[in-house]
Amino acid sequence: MKLVFATNNKHKSAEVQKILGNRFEILSLADIGCNEDIPETAETLEGNALQKARFVYQRYGYNCFADDTGLEVEALDMAPGIYSARYAGPQKDSNDNMQKLLGEMDKINNRKARFRTVIALIIDGKEWLFEGVVDGEILENPRGVQGFGYDPVFQPEGFDESFAEMDLSLKNTISHRGRATAKLIDFLNRKEA
């Protein structure tokens, strides 16, 4: 089955392709000639994921899926949330975002946070949503060089390593995106059976 993953983020694409394996051919936006900035103007992760998937399906006619992910920090009223990628500004710089978060968390004892991913899937005009959540905490200092985004400052519950210190295959089994993608795969496998 061919599916377009509506993202320009190469890190996300690599993670998802590794999780999906060879049963599904994942096409990128570049593969289908989509060079436009897909709007993300909804107020929720679910809304943004659906908005991106609908954009690709309606304009290009491909079955597709899109995700939106947010880091939700309890002490910051679940911010940055939908603004995670552009928390420190429109340049979407991961290091700037991390530094802003650490600055805001300075002197805050409650470090509880969670990553949440919502995947919107559209096949033949029908829509489904899949959610993955991983609880953890915000570290006081970045650790590790793997991964991307907030991975160096997020330590998942039950582990001593940040996401950026973990082997990618371990991270994929426990991460928010891994959990949402596992639900997507399970659904696709049942649909194809």
Side-chain angles (χ1 to χ4, degrees), residues 5-21 26 28-29 40 44-46 48-49 52 65-120 130-186:
F5 184 15
T7 185
N8 286 312
N9 186 322
K10 289 183 177 130
H11 297 290
K12 276 188 191 180
S13 292
E15 259 184 29
V16 167
Q17 184 66 69
K18 190 169 170 85
I19 297 166
L20 284 172
I26 303 302
S28 69
L29 291 174
E40 288 183 70
T44 63
L45 297 175
E46 293 82 358
N48 279 334
K52 290 187 276 189
F65 64 96
D67 80 325
D68 200 24
T69 295
L71 174 66
E72 299 173 338
V73 180
E74 196 173 274
L76 302 179
D77 295 323
M78 304 315 263
I82 61 168
Y83 303 106
S84 294
R86 53 191 182 278
Y87 195 43
Q91 73 278 13
K92 295 184 177 180
D93 183 88
S94 293
N95 197 49
D96 291 351
N97 290 337
M98 226 179 346
Q99 293 310 316
K100 178 177 179 178
L101 176 67
L102 290 175
E104 292 190 358
M105 294 296 291
D106 192 37
K107 298 184 179 52
I108 293 178
N109 292 327
N110 176 5
R111 314 288 293 181
K112 285 185 190 169
R114 68 180 188 174
F115 264 122
R116 197 162 67 92
T117 291
V118 176
I119 296 175
F130 308 93
E131 181 185 61
V133 176
V134 62
D135 292 309
E137 63 180 42
I138 301 300
L139 297 168
E140 292 184 5
N141 297 294
R143 294 196 333 233
V145 295
Q146 306 293 323
F148 62 99
Y150 297 93
D151 286 357
V153 296
F154 184 82
Q155 181 173 303
E157 214 170 70
F159 291 85
D160 296 325
E161 304 166 292
S162 74
F163 267 166
E165 293 173 299
M166 283 185 181
D167 174 72
L168 185 58
S169 51
L170 173 60
K171 180 190 171 194
N172 284 342
T173 61
I174 64 163
S175 77
H176 46 296
R177 189 169 294 106
R179 290 173 178 177
T181 305
K183 291 176 184 176
L184 170 71
I185 293 167
D186 185 53

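Predicted model, so just to flag it, every value in this text is computed and none were measured.
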Residue that, paired with Asn48, satisfies side-chain contact (heavy atoms from CB on, under 4.5 Å) out of Asp67, Asp68, Val118: Asp68
Side chain to side chain donor-acceptor pair (under 3.5 Å) between Gln155 and Arg111, intermediate numbers included: CA-CA 10 Å; Gln155 181 173 303; Arg111 314 288 293 181; over 6 Å; no
Side-chain heavy-atom pair Glu104, Val73 within 4.5 angstrom cut-off: no
ring-ring contact (aromatic ring centres under 6.0 Å, His included) partners of residues 68-100, not counting sequence neighbours, each pair once: none
Check: Asp186 and Phe130 side chains under 4.5 Å, non-hydrogen atoms: no
Residue list, side chain to side chain contact (heavy atoms under 4.5 Å, CB included) with Ala75, at least two apart or on another chain: Ile108, Asn110
Sidechain-backbone polar pair: Ser94 side chain, Phe148 backbone, donor-acceptor under 3.5 Å: no
Throw together a table of side-chain donor-acceptor distances under 3.5 angstrom for residues 131-140, partners on residues two or more places apart or in other chains.
| unit_1 | atom_1 | unit_2 | atom_2 | d |
| --- | --- | --- | --- | --- |
| Glu131 | OE2 | Arg116 | NH1 | 2.7 |

Leu45 side chain reached by Ile82 side chain, heavy atoms, under 4.5 Å: yes
Under the salt bridge (charged side-chain N to carboxylate O under 4.0 Å, His left out) test, residues paired with Asp93 that sit two or more places apart: none
Under 3.5 Å: donor-acceptor pair, side chain of Tyr150, backbone of Ser84: yes
Heavy-atom pair with the smallest gap, counting every atom of Ala66 and Ala6: CB-CB, 3.8 Å
Minimum heavy-atom distance Glu74-Met78, with the two atoms named: CA-SD, 3.8 Å
Over all atoms of both residues, closest heavy-atom pair of Leu76 and Leu101: CD1-CD1, 3.6 Å
Donor-acceptor contact below 3.5 Å, side chain Arg179 vs main chain Ile174: yes
With Asn97 via side-chain hydrogen bond (donor to acceptor under 3.5 Å, both in side chains) - residues at least two apart: none
With Asp160 via side-chain hydrogen bond (donor to acceptor under 3.5 Å, both in side chains) - residues at least two apart: none
Parallel, tilted or perpendicular, as decided by the 30° and 60° cut-offs, for the rings of Phe5 and Phe65: parallel
